[in-house]
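The structure's right below; bear with me while I get my questions together.
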Protein chains: 2
Amino acid sequence: MRNLNPGRSMENPGVVAGGPVAIRKQTLHDQVANRIRDLIIEGYLEPGSRIDETGLIEQLEVSRTPFREALRTLAAEGLVIIRPSKGAVVRKLTPQDVFSMLEVLAHLEKLAGKLTCERASDDDITALMALHNEMLDLYEKRERLAYYKLNQAFHSRLAELTGNETLQEMQRNIQARLKRIRFIGNRSPDYWAAAVAEHEQMAQALSRRDGDALGEVMARHLMNTWERVKDSV
Amino acid sequence: MRNLNPGRSMENPGVVAGGPVAIRKQTLHDQVANRIRDLIIEGYLEPGSRIDETGLIEQLEVSRTPFREALRTLAAEGLVIIRPSKGAVVRKLTPQDVFSMLEVLAHLEKLAGKLTCERASDDDITALMALHNEMLDLYEKRERLAYYKLNQAFHSRLAELTGNETLQEMQRNIQARLKRIRFIGNRSPDYWAAAVAEHEQMAQALSRRDGDALGEVMARHLMNTWERVKDSV
DNA sequence: GCAATGTATTTCGTATACAAAGTGAGGAAA
DNA sequence: TTTCCTCACTTTGTATACGAAATACATTGC
């Protein structure tokens, strides 16, 4: 499924196998928005800290107009907060914020699980299971970053299979805000093992197309994530 | 709970009962964003139609900079779509879009119902019931617009009582996109009566603090809404 | 007469300049 | 010494100007 709205954050490549594809035009403010988003996620811009317009503009080598438009996009996405006449700050998530996001995300994933079981084709389910197996491999090898990325892909794919665009968008939005936090969640080996065990249960439910069970596991999975990260928020 | 982000759509007044509140500064682009949002919701800007930058700028008497920043905010909210170098169009909702939004909204409201039953104080519930009774009054008097507004307030309040900020934000976002559509939903007297009956059930469940029942009714309510509006999308 | 290409005109994207608001340091008065 | 005010400086907000891209139209060739 192609992302027609260049304003949203997406990491899919611009090329699809087989045949010419429209050249993706990226306006400057889109590029800037993506760049700043990454800077925030990767921690170069610390939560709560003011965003130095002048400084960043020089570093990114763009003028103020596209930069400010990008900031407003990120503000609408909830990643930064713009205080009129006082500059923008990277939004700092309180534990409450994180909990509320996980609570909603858990509930959305529950819906995703249920709908996917109802609507996805056998091939799609098989493909999803393949992803899961890859994840197990990576866990065995203790390749944490790769595992993490595949994990994101797994959840995104699950949302896609529901065919529900809104669900995907909301999930993406929350994921983007939580990205840094979730990465922390798997720091400890114990936590990681627990997460893998939960994923195994998901895969089981998925292969049985047991939507209710899948939904329950996914919701539980995210509430456990809370337990894992709450001390580091 | 105050809305600290002036970029988001909110209809609450700037003053809360009891005590001084920070004066809300509104930058020009915020005002413009709000204005355009209203224009879209009220139908002055038709879905699918191109937004005439030059024309609107003249009418609103603002320059391009705040206008374009406002557009990007609305794009991030999903109300308009910006096609690079080709102008912005008011997002046109396909029946699929509407269905997917209602599906997600239904699921979110289900969560809201459950959490409210678990977390709200008795006073809060009583206040919510009062809203409900007012709605019944307005239905008797066939005051459709007032009923509609109170209905929105009821659902917003319910989300507030969960104490979950993210849930509120997501609900607001979807509500904003659906605003026009939902208004249509009550056109026919039969439909309206059905909606009122469903609300009565909600109130019942709420007064019993039966979260599961409330959640079920709310989810059903929105799926019924789909039945009511699907032909007019 | 139709299609294709070149050109004019409009619209969009970005940079920059100017105005307004905020911030902080230093000094004067209590 | 402390507090409050003032003034200079920094940063933000808005307007405008210019270059680039897209669209519409006319002209030319078949």
Side-chain angles (χ1 to χ4, degrees), chain A residues 4-9 14 20-37 39-40 45-46 48-76 79-91, chain B residues 4-8 14 21-37 39-40 45-46 48-76 79-91:
Chain A
L4 295 174
N5 182 352
R8 311 298 300 164
S9 146
V21 161
I23 291 173
R24 167 138 6 167
K25 277 155 216 121
Q26 281 254 56
T27 58
L28 236 192
H29 39 248
D30 281 320
Q31 295 178 50
V32 173
N34 291 332
R35 193 85 193 77
I36 301 177
R37 209 182 277 111
L39 288 177
I40 292 175
L45 295 174
E46 271 183 45
S49 70
R50 202 167 121 272
I51 294 177
D52 177 15
E53 214 176 275
T54 320
L56 261 181
I57 282 169
E58 275 176 22
Q59 285 198 274
L60 299 179
E61 297 184 316
V62 294
S63 76
R64 288 183 66 209
T65 310
F67 181 86
R68 304 194 82 244
E69 289 186 359
L71 269 192
R72 290 195 67 72
T73 299
L74 297 177
L79 285 175
V80 309
I81 292 180
I82 296 178
R83 304 161 306 174
S85 305
K86 291 170 98 178
V89 294
V90 179
R91 179 165 171 193
Chain B
L4 294 174
N5 181 352
R8 311 296 301 163
V21 162
I23 290 174
R24 171 148 356 174
K25 278 162 212 110
Q26 283 255 57
T27 59
L28 237 192
H29 39 249
D30 281 321
Q31 295 178 48
V32 173
N34 290 333
R35 194 85 192 77
I36 301 177
R37 210 183 277 112
L39 289 177
I40 292 174
L45 294 173
E46 271 182 45
S49 70
R50 204 165 121 271
I51 293 176
D52 177 15
E53 213 175 277
T54 321
L56 261 181
I57 282 169
E58 275 178 20
Q59 284 199 274
L60 299 179
E61 296 183 316
V62 294
S63 75
R64 287 184 67 209
T65 310
F67 182 85
R68 304 195 81 244
E69 288 186 1
L71 269 191
R72 288 197 65 74
T73 299
L74 297 177
L79 284 175
V80 308
I81 292 180
I82 296 178
R83 304 162 305 174
S85 305
K86 292 169 98 179
V89 294
V90 180
R91 179 165 172 193

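Everything numeric here is computed off the predicted structure, so don't read it as measured data. In what follows, every chain begins at residue 1, and chains take the letters A, B, ... in the order their sequences are listed.
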Exercise for the section: In whole angstrom, give the distance that lies between atom CD of A:E53 and atom P of C:dA21. Expected result: 17 Å
Exercise for the section: Begin with the C-alpha distance, continue with both residues' side-chain angles, and end with the deciding distance and a verdict on side chain to side chain contact (heavy atoms under 4.5 Å, CB included) for A:Q31 and A:V62. Expected result: CA-CA 10 Å; A:Q31 295 178 50; A:V62 294; over 6 Å; no
Exercise for the section: Please state how far atom CZ in A:R72 lies from atom P in C:dT14, giving the value in whole angstrom units. Expected result: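 That distance rounds to 17 Å.
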Problem - Gap between atoms CG and C1', on B:L56 and C:dC12 respectively (whole Å) - result: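 Going from B:L56 (CG) to C:dC12 (C1'), I get 15 Å.
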Handout entry: A:A88 versus A:I82, closest heavy-atom pair with distance
Key =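 Smallest heavy-atom distance, with atoms named: CB-CG1, 4.1 Å.
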Handout entry: Atom pair distance, as rounded to whole Å: NZ in B:K86 and P in D:dA24
Key =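 So the NZ-P distance, B:K86 to D:dA24, works out to 10 Å.
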Practice task
Could you tell me the separation between the CG atom of B:D52 and the C1' atom of D:dT23, rounded to a whole number of Å?
Solution key: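 So the CG-C1' distance, B:D52 to D:dT23, works out to 15 Å.
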Completion exercise
To the nearest angstrom, the CZ-P distance between A:R83 and D:dT11 comes to 13 Å
Practice task
Quick one: closest heavy-atom pair of B:R50 and B:V89, and the distance?
Solution key: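 So the two residues come closest at CA-CG1, 3.8 Å.
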Problem - Close side-chain approach of A:L79 and A:I36, heavy atoms under 4.5 Å - result: no
Handout entry: side chain to side chain contact (heavy atoms under 4.5 Å, CB included) between B:D30 and A:R72, worked out
Key = CA-CA 10 Å; B:D30 281 321; A:R72 290 195 67 72; 3.1 Å; yes
Problem - B:R50 side-chain N/O to C:dC12 phosphate OP1/OP2 under 4.0 Å - result: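 Checking B:R50 against C:dC12: at least one side-chain N or O falls below 4.0 Å of OP1 or OP2.
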Practice task
Do nucleotides 14-20 of chain D as a string where each nucleotide becomes B, S or -: B if the base has a protein heavy atom under 4.0 Å, S if just the sugar-phosphate does, - if no protein is that close.
Solution key: BBBB---
Fill in the blank from the handout: Whole-Å distance, A:I82 CD1 to C:dG22 C1', equals 17 Å
Fill in the blank from the handout: Residues B:A33 and B:A70: closest non-hydrogen pair is N-CB, 3.6 Å
